[in-house]
Each structure stands twice: as structure tokens, then as C-alpha cells.
Amino acid sequence: MMKTYSIPGVLLLLCMGFTIQAQQHKTNLPPVSALPVIDTMPDLFTFRDGSKVTDLAFWEKRRNELKQLVQYYEYGFIPDPGGKVHGVVRSSQPFLQAKAEEREVSISCGPEGQMHFTLFIYKPAGKGRFPVIITGDKCWYSMKDKYEGFLKRGYILAEFDRTEIDPDNANRNNGIHLLYPGQDFGTLAAWAWGYMRVVDYLEGCDFVDNKEIIITGHSRGGKAALLAGAFDNRVAMVVPNGSGCGGTGSMRYVFTGETLNDITDSTKFPYWFNTQFLSFRNNNLKRLPFDQDALIALVAPRAYLSTNAMGDAWANPEGAQKTHLSAIRAWKMYGVSGETGIHYREGQHAQNDEDWLALLDFADFVFLHKGSVEPFERLPYTH
Ligand code: GTR
């Protein structure tokens, strides 16, 4: 028999749906003005109530607390997947004298498949599963011309334009925001969501080694990659490059370059974050209940590499060493070693050949036990 709903019944169902949606992001966290002032780096291993993380079980709880904190106070809650990811291969052709294959895939995802973007895949020819490197920086450049270097090492490269998910501007009435009305998340969370949907698609491909999914991005793309990697356990290696403020650069210890005040200035990038984050401007910075080491620590026990340039003053490379040294203690909680690295090169703000080489060498080290971790443990700054 067909079920009929009375009007009040329908209203009730709608209300229930709404509450479920809203409840997901309900927290007991206080407003910024009620947070305690913390002068130094907030301790990764101390809960908000002052109790200490003493073992791995406690760390898992603290990890959940940190996930809430960074979303509630900084980026906004990363939206749910909203639905299944569907990919249509638009074209596929031999590439690099048929040693590789190039594919263009139209992805539909999100609520009712309403989000659309294109994924470009370059993969070794032939059968088998290969590790994959995902970058969302296609809006800036394509790595297609450099693919031969990746092919020689046996990696797939998958690139997309993160601004197809959310354009890089302050407008909250475009891109993904239209699909999640009323949710206060910034553009970095939107881009992180995009990385996750790419993982959804690639996971279902028979040529991808699901245990060897790497994500990377440069600068604002690196901030997004770090955020995605921190929250998505399917990602085996996270490699933010030159990600600076809002990425791996410390918020409290800005040795050089961009501060919280700079990045949230109304003429700059406040829209990369949620609205609450703006309350930490000026004297309230010391109320931020975590620093960026928290985001890095969420990657543990999976692999993590931070790539930086010493001449990239705006990205606070020294502050990235500070957060790194703090965060790697999380891997120790798992008894894991050799899964974290940091790399510094000479030069300026870019993800250049040297950075990509560091990524491949570190991936070979972690996945294939080739080479050594030593080049990824060199620290240029003394603290
Ligand atoms: C700068 C911004 C940085 C960084 C950079 C980039 O203008 O202040 O946080 O993200 O852009 O993305 O290249």
C-alpha cells in the first residue's frame, strides 16, 4: 500500500532532516572570547580540560578533539560527500610513445551529483596497480609535460583544478557553497572536499594501488592538500609544499612572512577560512586553542612530507620547522618511525623540480624502502 503523509508529517520529516544535518556540526565549544589565553604553543598532548594524553587510546580521543577544534575555529566543517562519485572517461589515448596513457574523466559528485569537474590522469601503460599522486593545482599549471619523470618511477599523476569546486574568491554563492547552503566552511575546506572526491573516484579504479595514494599541492593548494590529508585516512602520504600560513607555518611563531592578521585581512583571503576564524585577529591570536602542528599530527601514522624553500620568506619556512618538530611526536605515539620528513631547498616560492623529486624520493623510501630518510631529517634552523 502506498504510504501517504499528512502535511504536518512531511513538515516533521523535513525538520528531522534539518536537525540531523545541523546536529552533525554541533559542538560544546565556547566562543573565541571565552577561550583561555595561551602564550606559547598549545600542547598537542593536553586535552581542553587539562588532562594529558598518556597512551595511544588517549591520543585517538585527543585526535577527535583536534578534528573538532580545527574545523570549528579555523576552516569550517568539511562538508559530507553528499552522494556517490561518478566518473565518465571522455577520452583515453596512448601517451609518451605508448609507454603511458592519458585520460580525461568527467567527474560528477556531491548532492544529487550536482558538482562537476574534470580529472586528468596520466598513467603507466599496461596492467597493474600503481601509486598515484594527486594535485589540485591544475588552475595554475599542468604537470603533463613533466609526466615522463613520474612514469620512469612508476607513478600515476592525477590533476584537477580545485577552483572548479570553489572559485578562489569571497563569493559564498557559488561553487560548492550552493550545494551545502547555510554551512559555514571556507574555500580551503571546499578544496579539501575536492581532493577527497578525487580519492573516491581513484579508489574505484583497477589501476590504482589504494594503499599508495599521495596528495600534494602548492601554497594555497598545499594548505588544502594538508587539510584533506589530515581528515582522510585513505590518503597514504600527504605532501604540502610551501603552504605557509593556514598550512604548515606556525600561527604563533611567525619568524618571517604572513601572519593570521595578514591572511584574514579583508583585502586578502578571509574567505579561505570560516567566519569564526576572523575572531582570532589581533590580541585574540593567543586564544587559538591549537597551532598548525595539530593539523600535521592528524596525518599520523600515515606518511607525511613537508617541502619548503628557504627563500620563501612569506611562507614562514622556519615556522614550518617548528610545527613539524612538534607534530612528529604524534607518530611516536604509534611507535612509527621513518614516515615523516621535511625538505628544504634554496630558492623561492614554487613547487619546482627539486620539490617533486623530493616527493618521489620520499615516496620510494616509504613504499619501496629505497634510499634513506636522512635527506628528509635535515633541519636548517636552530631553535
Ligand atoms: C599569497 C598568500 C599565501 C599563499 C600564496 C599562494 O598571496 O598570502 O598564503 O597562499 O598567496 O597561494 O601562492
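Here the structure is a predicted model, which means the values were calculated and not measured. Both counts, for ligands and for their atoms, begin at 1 and track the order of listing.
- The environment of CG in Asn283 is sparse: at most 12 heavy-atom neighbours from other residues, nucleotides or ligands sit within 6.0 Å.
- Formation of a donor-acceptor pair under 3.5 Å by the Ser243 side chain with backbone atoms of Thr248 is found in this model.
- Phe95 carries Lys144 over the face of its six-membered ring, with the cationic atom under 6.0 Å from the centre and within 45° of the normal.
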Sequence neighbours excluded and cut-off under 3.5 Å, please list the side-chain donor-acceptor pairs for residues 186-197, or say none.
from: Thr187; atom 1: OG1; to: Asp166; atom 2: OD2; distance (Å): 2.9
from: Thr187; atom 1: OG1; to: Tyr271; atom 2: O; distance (Å): 3.3
from: Trp191; atom 1: NE1; to: Arg162; atom 2: O; distance (Å): 3.3
from: Trp191; atom 1: NE1; to: Asp166; atom 2: O; distance (Å): 2.9
from: Trp193; atom 1: NE1; to: Asp80; atom 2: O; distance (Å): 2.9
from: Tyr195; atom 1: OH; to: Gly136; atom 2: N; distance (Å): 3.0
from: Tyr195; atom 1: OH; to: Thr216; atom 2: O; distance (Å): 2.7
from: Arg197; atom 1: NE; to: Asp200; atom 2: OD2; distance (Å): 2.6
from: Arg197; atom 1: NH2; to: Asp200; atom 2: OD2; distance (Å): 3.2

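- Protein residues having at least one heavy atom under 4.0 Å from any atom of ligand 1 are Trp140, Ser219, Arg220, Lys223, Glu258, Ile263, Phe269, Trp272, Trp314, His349, listed by chain and number.
- For the side-chain hydrogen bond (donor to acceptor under 3.5 Å, both in side chains) condition, the pairs that include at least one residue of residues 366-375, sequence neighbours left out, are Glu374-Arg378.
- Every pair passing side-chain hydrogen bond (donor to acceptor under 3.5 Å, both in side chains) that includes a residue from residues 316-325 is listed here, sequence neighbours excluded: Glu318-His383.
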